[in-house]
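Please read the structure below before turning to the comments.
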Amino acid sequence: MEEPSNPDSKFDLIILGASGFTGKYVLREALKFLNTTTPSSPIQTLALAGRNPNKLLQTLAWASHPNPPPPIPILTADTSSPPSLSRLAARTRLVLNCVGPFRLHGAPVVAACVESGCDYLDICGEPEFMERMEAEYHENVVERGGLIISACGFDSVPAELGVMFNSRQWVAAGVPNRIEAYLSLESDKRVVGNFGTFESAVLGVANADKLQELRRSRPRRARPVIPGPSPPKGPTIEHEKKIGVWAVKLPSADSIVVRRTLSTLQENPHGLKGVNESPEQIKKRETFWSSVKPAHFGVKIASKSLFGILRLITVGIFIGLLGKFAFGRRLLLQFPSVFSLGWFRKNGPTEDEVRSASFKMWFVGTGFSDSTHVAQGNKKPNMEIITRVTGPEIGYLTTPIILIQCALIVLSQRDNLPKGGVYTPGIVFGPTDLQKRLQENGISFDVISKSTLSN
């Protein structure tokens with residue numbers, strides 16, 4: 001149905017951009033948890049918002065199939081119309097923003113949520129946007145209230161929780177020095193990626209200078225103290241025999257988001273205080289963060305074959321060269337299938353392709369079995385711990401699972417979360433039960449091996 005008869009009615013959750021490629025899968029996932037008959041359910045009321053009510057109604061029918069669509073209100077809102085966004089934000093506890101590119105469409109939505117004091121989550125993978133929102137709004141929302149949390153999808157929750165999971169395996173006196181993530185995308189069929197991922201990579205190149213300028217204009221963040229020497233640069237192409245992949249470094253939002261989380265943790269060693277925590281919750285939060293040990297972190301894209309890595313490098317060269325110029329960006333975004341060598345296309349993958357796809361993300365941690373070894377000069381790490389995060393297709397299945405589970409935590413555990421601020425997902429959701437929730441919904445966390453390294 002379209003606008004409800006009572007324009008002042010409020011909602012637990014509004015999904016903005018639900019008719020988009022990823023948004024429709026977010027809606028389908030949200031419907032699993034919409035429960036108007038159980039008072040304890042976090043999502044009692046849900047609304048959809050976007051420019052085109054007809055498309056939203058069609059999306060609702062698709063997401064509800066084979067059941068009839070529930071009577072969910074359809075609201076009209078446009079990211080080019082700040083008043084429509086203000087009305088939207090004033091009517092909900094939480095906005096899930098699925099409208100990208102966020103560099104172009106995200107700021108007005110964040111501004112509206114800051115103004116109203118509601119909470120905001122998105123699936124952004126664009127570092128410049130995320131850090132710009134932090135620079136512009138953090139101090140304001142710390143005072144006024146309202147959480148602004150980007151990267152609540154595959155970018156970058158698996159990386160954040162994966163690093164913490166590996167880090168927490170270094171028990172007693174053991175300390176990690178470096179954790180390298182190796183991301184492998186797999187499928188029984190031809191892999192077709194989320195177009196938004198390709199678009200984010202192109203925009204990342206376009207905004208690289210802006211990001212550096214933004215960082216130079218801000219005070220330097222605290223850096224965590226990491227035991228041991230800085231890791232060597234290493235070869236461009238790496239063969240990681242222990243997990244059976246070839247790999248090349250991947251410039252991604254994940255590394256940047258993890259570093260921001262570790263900087264916030266350095267500034268707040270016990271984590272961020274909840275708005276109304278119980279003594280038991282305070283102890284739980286402090287215990288969790290005391291078990292997280294910082295490490296150097298990087299991400300590499302992995303393939304079982306060297307040919308796959310060469311193909312990735314070729315696509316990276318296309319994006320790196322053409323993404324610097326407006327004309328080149330237009331070419332990349334107009335012909336993604338050509339310049340990605342068939343990995344991405346504008347209309348996205350089919351349902352069968354989505355169902356057949358999955359990911360594996362290995363975390364190879366190297367460090368010291370005893371922290372006293374670190375004091376003995378630049379001694380090489382003598383211990384290795386390998387963990388792994390696995391799950392379904394990253395853009396249309398894993399991302400909605402993560403976003404909705406984050407939303408459920410915000411709605412049901414708000415007293416345990418910070419009053420307000422612009423934060424990364426790791427620093428907010430790390431001490432919650434998010435990892436457990438993801439495991440219950442198809443995203444696994446496993447310890448693969450613990451071994452001693454020969455010096």
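When a residue number appears, it is its place in the shown sequence, counting from 1.
- Looking at residues two or more places apart in sequence or on another chain, you find a side chain to side chain contact (heavy atoms under 4.5 Å, CB included) between K304 and E186.
- Identified under the ring-ring contact (aromatic ring centres under 6.0 Å, His included) test for residues 430-449, with sequence neighbours left out: F165-F445.
- Evaluation of the salt bridge (Lys or Arg N to Asp or Glu O under 4.0 Å) rule for K324 yields no partner, not counting sequence neighbours.
- Only one option out of R437, E440, K436 pairs with Q405 in a side-chain hydrogen bond (donor to acceptor under 3.5 Å, both in side chains); it is R437.
- The closest donor-acceptor contact from the side chain of K419 to the backbone of E143 lies under 3.5 Å.
- Annotation: ring-ring contact (aromatic ring centres under 6.0 Å, His included) contacts of F297 (sequence neighbours excluded): none.
- At least one side-chain heavy atom of V354 sits under 4.5 Å from a side-chain heavy atom of Y25.
- Note that CG of L13 and CG of L96 are 4.5 Å apart. Values are rounded to the nearest 0.5 Å.
- Note: L438 CG to L161 CG = 6.5 Å, rounded to the nearest 0.5 Å.
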Return all side-chain donor-acceptor pairs below 3.5 angstrom for residues 262-269, not counting sequence neighbours, or 'none' if the list is empty.
residue	atom	partner	partner atom	Å
S263	OG	A222	O	2.8
S263	OG	R259	O	3.1
T264	OG1	R221	NH2	2.9
T264	OG1	R260	O	3.0
E267	OE1	R221	NH2	3.3
E267	OE2	R221	NE	3.1
N268	ND2	T264	O	2.9

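- Other residues, nucleotides and ligands contribute over 12 non-hydrogen atoms within 6.0 Å of the CZ atom of R215.
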| said: Apply side chain to side chain donor-acceptor pair (under 3.5 Å) to residues T432 and Q413 and explain how you reach the verdict. | reply: CA-CA 9 Å; T432 70; Q413 303 176 32; 5.2 Å; no
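- For L214, the side chain to side chain contact (heavy atoms under 4.5 Å, CB included) test picks out E131, R132, A135, S217, R218, with sequence neighbours left out.
- Under the 3.5 Å distance criterion, the side-chain polar atoms of H138 are matched with a main-chain donor or acceptor of V422.
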